[in-house]
Amino acid sequence: MDIEELRTFVDVADAGGISSAALRLGVSKSIVSRRLFRLEAELGVQLLARTTRGAALTEAGATFRDYAARVCAEIDVAKETILPAGDLRGRLRVAVPYSFGQNHFGPILAEMARRHPQLQIHTCYSDRFVDLITEGYDCAIRVGYLQDSNLIAKRVGPIYGKLVASPDYIKAHGSPETPEELAAHQALMQGTEAWQLMDRDMIITVRPQGRFKADNGTALVAAAAAGLGIAYLPDCLTHDYIASGALVPVMTRYPPPPAGAYVIRPPGQHPARKIQVLTELLIEYCEPPPHLAGPAAV
């Protein structure tokens, strides 16, 4: 039984259709269809019911999918154990935040590709929440404060941030001094998120309001520089703006608690060595530069 046929079947089952699986695998739809046909012919059973909206697992397919996924995972582990030390092959699909992932994590992923010329790295840059299991990603790099989930997380570095606004906004609306005063100000947010602030050793949670929202930090820092309100952003996005005077820190007596950068992967007994190598490389490179090394930096 061909391992690529098994792997293709698992991808189609998880993606919910041939087109999505083909995009995930980086091959044509006709190749995916041929692999599925050969697998079903060999097994003598229909695994997928093709519909106009995609492909749904039959009862036999739902049962076989779990076994096929375990076989593929075990084959990957077996291959890794016999490779020369440090040698990586195959494909790594990783989801990375858009806002500062391109500048912050992009060079690290490029360095991994340079060190491992037999490894294919496919990266998705997006600030939306990526479902690793449904969309077929090996892992994701996420920043901030993690919510409880069944995913496995490894912290690779700190992320510091602060509240910022433009001098023009402060001149027009004043600068809040306490968390309670934030209610009278326009907040620039990605959605309806809560902001966490530190009052000595105590964490205060506030839920600000605002009319301007965007789904990535790059747009929010531009909005803050344009004088639209107060933003809660990581230092790596605001440092140059603060250095030029386009933004200034506000409410410095109540700094946000340090967040983190994490490698997230689906649950499993054996983390792939390519994920372990990426994690180690991120830990190596994610020590913040001196100008971003702590909440006291401005």
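Just so it is clear, the model here is predicted, and its values are computed rather than measured. Start at 1 with the first residue, then count along the sequence.
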| task | For Glu181 and Pro176, work out which heavy atoms get closest and say how close. | result | OE1-CA, 3.5 Å

| field | 4.5 Å side-chain heavy-atom contact, Met251 and Pro256 | value | no

| request: Could you give me the CA-CA distance, side-chain angles and deciding distance for Val45 and Phe64, then say whether side-chain contact (heavy atoms from CB on, under 4.5 Å) is met? | output: CA-CA 10 Å; Val45 66; Phe64 188 69; over 6 Å; no

| query | Under 4.5 Å between any side-chain heavy atoms of Tyr160 and Pro255, yes or no? | reply | no

| field | Residues, nucleotides or ligands: over 12 heavy atoms within 6.0 Å of Arg253 CZ | value | no

| message | Is it the case that the side chain of Asp127 and the backbone of Tyr98 share a donor-acceptor pair, with hydrogens and angles ignored and the cut-off at 3.5 Å? | response | yes

| Between the main-chain N or O of Val94 and the side-chain N or O of Asp138, is there a donor-acceptor pair closer than 3.5 Å? | no

| Quick one: does His116's side chain get under 4.5 Å of Lys274's, heavy atoms only? | no

| message | Any side-chain to backbone donor/acceptor pair from Glu4 onto Arg35? Under 3.5 Å, distance only. | response | no

| field | Distance (rounded to the nearest 0.5 Å) between Gln46 CD and Leu36 CG | value | 11.0 Å

| query | So with a 6.0 Å cut-off around CD of Gln209, is the heavy-atom count from everything else above 12? | reply | no

| field | Nearest-0.5 Å distance, CE of residue Met112 to OH of residue Tyr285 | value | 12.0 Å

| Hey, mind stepping through Glu284 and Arg115 against salt bridge (charged side-chain N to carboxylate O under 4.0 Å, His left out) and telling me if it holds? | CA-CA 14 Å; Glu284 175 186 344; Arg115 293 185 187 184; 3.7 Å; yes

| field | Candidates Ile230, Leu228, Val164 - the one meeting side chain to side chain contact (heavy atoms under 4.5 Å, CB included) with Tyr169 | value | Ile230

| Are side-chain heavy atoms of Pro208 and Met189 found at a separation under 4.5 Å? | yes

| request: Measure from the side-chain N and O atoms of Tyr232 to the backbone N and O of Gln196, and report whether any donor-acceptor pair falls under 3.5 Å. | output: yes

| Heavy-atom count around Arg70 CZ within 6.0 Å, excluding the residue itself: above 12? | yes

| said: Please find the pair of heavy atoms, one from Tyr262 and one from Ala153, that lie closest to each other, and give the distance. | reply: CD2-CB, 4.4 Å

| task | May I ask whether Ile31 and Leu6 are part of the same hydrophobic cluster, defined by side-chain heavy atoms of I, L, V, M, F, W, Y residues being less than 4.5 angstrom apart, directly or through others? | result | yes

| remark: With Ile141 as partner, the option from Thr123, Val156, Leu282, Thr279 fulfilling side chain to side chain contact (heavy atoms under 4.5 Å, CB included) is Leu282

| Donor-acceptor pair, side chain of Asn216 and main chain of Ala219, under 3.5 angstrom | yes

| said: Could you tell me if the side chain of Glu42 sits less than 4.5 Å from the side chain of Asp2, heavy atoms only? | reply: no

| side-chain contact (heavy atoms from CB on, under 4.5 Å) between Leu197 and Leu163, intermediate numbers included | CA-CA 10 Å; Leu197 305 170; Leu163 273 64; 3.7 Å; yes

| Same apolar cluster (I L V M F W Y, side chains within < 4.5 Å links), Phe37/Leu39 | no

| Val250 and Ala165: which non-hydrogen atoms are nearest, and at how many Å? | CG1-CB, 4.1 Å

| message | For residues Leu132 and Leu23: do they belong to one hydrophobic cluster (side chain heavy atoms under 4.5 Å, members Ile, Leu, Val, Met, Phe, Trp, Tyr)? | response | no

| What's the verdict on salt bridge (charged side-chain N to carboxylate O under 4.0 Å, His left out) for Asp14 and Arg65, showing C-alpha distance, side-chain angles and the deciding distance? | CA-CA 9 Å; Asp14 292 348; Arg65 184 261 169 218; 2.9 Å; yes

| Under 4.5 Å between any side-chain heavy atoms of Leu92 and Cys139, yes or no? | yes

| field | Pairwise distance CZ(Arg265) to CD(Gln276) - rounded to 0.5 angstrom | value | 8.0 Å

| Once you round to the nearest 0.5 Å, how far does NZ of Lys213 lie from CG of Leu188? | 11.0 Å

| Are Tyr137 and Phe129 connected, step by step, through hydrophobic side chains (Ile, Leu, Val, Met, Phe, Trp, Tyr) whose heavy atoms are closer than 4.5 Å? | no

| Heavy-atom closest pair, residues Leu247 and Ser166 | CD2-N, 3.8 Å

| Side-chain donor or acceptor of Lys162 paired with backbone N/O of Thr252 under 3.5 Å | no

| note | Nearest heavy-atom approach of Ala21 to Ala15 is N-CB, 3.8 Å

| field | Minimal non-hydrogen separation, Pro234 against Ile159, with atom names | value | CB-CG2, 3.9 Å

| task | Might you work through the side-chain contact (heavy atoms from CB on, under 4.5 Å) test for Phe105 and Val143, ending with a clear yes or no? | result | CA-CA 11 Å; Phe105 300 122; Val143 298; 4.1 Å; yes

| said: Nearest 0.5 angstrom please: Asp168 CG to His173 NE2, how far? | reply: 9.5 Å

| query | Should Phe9 and Leu47 count as side-chain neighbours, where that means a heavy-atom distance under 4.5 Å? | reply | yes

| message | Membership question, hydrophobic clusters at under 4.5 Å side-chain separation (ILVMFWY): are Val10 and Tyr67 in the same one? | response | no

| Side chain to side chain, Thr8 and Arg38, heavy atoms closer than 4.5 Å | no

| remark: When rounded to the nearest 0.5 Å, the distance separating CZ of Arg89 from CD of Gln120 is 12.0 Å

